[in-house]
Undergrad: 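I have a structure I would like to understand better, so I am pasting it below and will then ask my questions one at a time.
Side-chain atoms are counted along with the backbone in the values below, which use heavy atoms only and exclude waters and symmetry mates. In what follows, every chain begins at residue 1, and chains take the letters A, B, ... in the order their sequences are listed.
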Number of protein chains: 2
Amino acid sequence: MGTKERRTREKEQLRRQILSAARELFVNEGYENVSMRKIANKIEYSPTTIYLYFRDKADLLDSVCKETLLDLLNTLGLLNRDKSDPVETLRKSGKAYVEFGLKYPQDYKLTFVVRPQFQQGLGLEEGSVGERVFNYLRAMVSECIRQKAFRRVDVDTAGQALWSAVHGVTLLLIDFSDFPWTEKEKLIDTVIHTMIEGLKA
Amino acid sequence: MGTKERRTREKEQLRRQILSAARELFVNEGYENVSMRKIANKIEYSPTTIYLYFRDKADLLDSVCKETLLDLLNTLGLLNRDKSDPVETLRKSGKAYVEFGLKYPQDYKLTFVVRPQFQQGLGLEEGSVGERVFNYLRAMVSECIRQKAFRRVDVDTAGQALWSAVHGVTLLLIDFSDFPWTEKEKLIDTVIHTMIEGLKA
DNA sequence: AATTTAACTTAACACTGTTAATTATACAGA
DNA sequence: TCTGTATAATTAACAGTGTTAAGTTAAATT
């Protein structure tokens, strides 16, 4: 019959329409300055229609962030991982991570700052996209240790430490853009380089 | 006459009352879940009275955060700085910074996460408390380099890199408390230790 | 053509930050 | 002690918020 398929396709389409309107508004005006009515206006539907597709505003945020994480994962996955030089691969990945954050600062904040604020304890459950991002990092660190490029150190701890560093520099650069930072690229490179050197020693 | 002095004293007292009520509510319920009316109820005044003491809700947040920064600066200042071992002093300060953040997680987030969200570009202007916190860190790094414990590296860059690392680990631990972190202390120590080793190399 | 189902909208609730206008209070000088 | 004045605090109101329940329209099925 196919009409049912068409309907579900149309539903999916509207869902995506809502999602992209929400992302655009969240990014440009900030999550808390965006009302359901604003989103509804943008897609030319009544505000309550959104509730047929998303549980509430937080759920909307949640879905937007999930997309961002997939984007990030994809960006990292596109790097040509040189198995023979895992340290260099790690360095490049760290750099790509920060650059992703600075390229889409508001999306990064939505995912790693705003979302935890409105939905405590989540985003990184087992099987989630967030977990996959971290596993990606973990695998690289593991390879560095296996090839004895890094000193014998707990893989998880090292991975989490690296994540801390790149997350930290990304957020500081985004949040305090008026601070008299040294040259941005230099700071990013120093953070990554210093962490990697520290893991070698 | 002295009545004028008493009045200003009373005004100051109410100001502090508002401030401490606001902090308690912000910390326990989250900035955006606290209404001016809630704060007013707590201090048993009408909501609009608050506006005689603070410009708006963001200004209230601002004042709360300024206090937090002073607290942090004081905590760091209380460390006995051993001039003969600046690296150890730096390590202890980093540790104290993270511990401060984890001891008052909500206050930390209000200052370093929520506030930049609601008042873009600030908190670290010249002469501000935030700048003083960073200067404290800068001085320590400078001493490490002067005594040749660290390789010759730009002081500002190194300081900002260190700040990135401790800021990052603090926020990750606060925001993703359900993530399967390795032992918390171990992670914190690794972050700080790795950065310091990286600056020596 | 009638009926069921799905999609969407209208109306409403309790609440938000904030302003303007108003009232109460405490002080000063007579 | 009374009056005028400055200051402090309040009431009422506005335009907007997320969200729910009830109602309406349109499409698909029988």
Undergrad: Expressed in angstrom and rounded to an integer, what is the separation of Asp56(A) atom CG from dT17(D) atom P?
TA: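 One finds 17 Å between P of dT17(D) and CG of Asp56(A), rounded.
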Undergrad: Classify the nucleic acid contact of Leu14(A) as base, sugar-phosphate or nothing, counting any heavy atom under 4.0 Å across all strands shown.
TA: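 Sugar-phosphate, backbone atoms only, no base.
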Undergrad: Here's one to test your reading of the geometry: is the NZ or CZ of Lys57(B) within 45 degrees of the ring axis of Tyr31(B) and under 6.0 Å from its centre?
TA: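 Geometry flag: set, cation within 6.0 Å and 45°.
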Undergrad: Can you tell me which nucleotide in dT20(D), dA8(D), dG17(C) comes closest to the side chain of Tyr51(A)?
TA: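 The listed nucleotide nearest to Tyr51(A)'s side chain is dT20(D).
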Undergrad: What's the closest nucleotide to the Tyr45(A) side chain, out of dC8(C), dT17(D), dA8(D)?
TA: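 For the Tyr45(A) side chain, the nearest candidate turns out to be dC8(C).
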Undergrad: Figure out the CD1/P separation between Ile50(A) and dG18(D), and round it to whole Å.
TA: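 So the CD1-P distance, Ile50(A) to dG18(D), works out to 9 Å.
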Undergrad: What would the secondary structure line of DNA chain D be in dot-bracket form, counting Watson-Crick and G-U wobble pairs under 3.5 Å, with [ ] for pairs that cross earlier ones and | for pairs with another strand?
TA: ||||||||||||||||||||||||||||||
Undergrad: Just wondering, do Leu110(A) and Thr68(A) contact through their side chains at under 4.5 Å, heavy atoms?
TA: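 Of all side-chain heavy-atom pairs linking Leu110(A) with Thr68(A), none is under 4.5 Å.
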Undergrad: Check the distance between dT19(D)'s C1' and Arg55(A)'s CZ and give it to me in whole angstrom.
TA: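 After rounding, the reported distance stands at 13 Å.
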Undergrad: Between the side chains of Gln13(A) and Gln17(A), is a donor N or O closer than 3.5 angstrom to an acceptor N or O?
TA: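 On atom types as modelled, these side chains do not qualify, holding no pair under 3.5 Å.
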Undergrad: Checking the side chain of Lys184(B) only, and the main-chain atoms of Leu173(B) only, is there a donor and an acceptor separated by less than 3.5 Å?
TA: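 No, because the side chain of Lys184(B) does not come within donor-acceptor range (under 3.5 Å) of the backbone of Leu173(B).
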Undergrad: Any salt bridge between Glu12(B) and Arg9(B), counting N to O under 4.0 Å?
TA: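 Result for this pair is no, no salt bridge flagged.
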Undergrad: Closer to the 5' end of DNA chain D via nearest nucleotide, is it Pro47(B) or Lys11(B)?
TA: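 Closer to the 5' end of DNA chain D: Lys11(B).
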Undergrad: Taking donor-acceptor contacts at under 3.5 Å, does the side chain of Thr48(B) reach the base of dT18(C)?
TA: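 Counting by modelled atom types and ignoring angles, no donor-acceptor contact under 3.5 Å is found here.
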Undergrad: Round to a whole Å and report the spacing from OH of Tyr31(B) to C1' of dT16(C).
TA: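 Whole-Å distance recorded here is 12 Å.
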Undergrad: Expressed as a whole number of angstroms, how long is the span from Glu12(B):CD to dA8(D):P?
TA: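 Going from CD in Glu12(B) over to P in dA8(D) covers 13 Å.
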Undergrad: Quick test of your reading of the model: are Glu99(B) and Lys92(B) salt-bridged, counting only N-O distances below 4.0 Å?
TA: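 The answer is no: the pair does not qualify as a salt bridge.
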Undergrad: Got a donor-acceptor pair under 3.5 Å from the side chain of Arg37(A) to the base of dG16(D)?
TA: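 Answer no: no donor N or O sits under 3.5 Å from an acceptor.
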Undergrad: Let's see if you can work this out: which of dT9(C), dT17(D), dT19(D) has an atom nearest to the side-chain heavy atoms of Ser35(A)?
TA: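 Closest of the options to the side chain of Ser35(A): dT17(D).
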Undergrad: What integer distance in Å separates Met36(A):CE from dT17(D):C1'?
TA: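 The answer, rounded to whole Å, is 11 Å.
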Undergrad: At 4.0 Å (heavy atoms only), tell me whether Tyr53(A) reaches a base, stays on the sugar-phosphate, or touches nothing.
TA: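 Result for Tyr53(A) = sugar-phosphate.
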Undergrad: Whole angstrom is fine here: how far is it from CD in Glu44(A) over to C1' in dC8(C)?
TA: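 Whole-Å distance recorded here is 15 Å.
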Undergrad: When you measure from the side-chain N and O atoms of Ser46(B) to the phosphate of dT10(D), is any distance below 4.0 Å, counting only OP1 and OP2?
TA: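 True: Ser46(B) side-chain N/O within range (under 4.0 Å) of dT10(D) OP1/OP2.
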Undergrad: Distance check needed: dC15(C) C1' versus Lys38(B) NZ, whole Å only.
TA: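 So the two atoms are 10 Å apart, to the nearest Å.
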Undergrad: Using the six-membered ring wherever Trp is involved, compare the ring planes of Trp163(B) and Phe134(B) and label them parallel, tilted or perpendicular (cut-offs 30° and 60°).
TA: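 The rings of Trp163(B) and Phe134(B) sit tilted, inter-plane angle from 30° to 60°.
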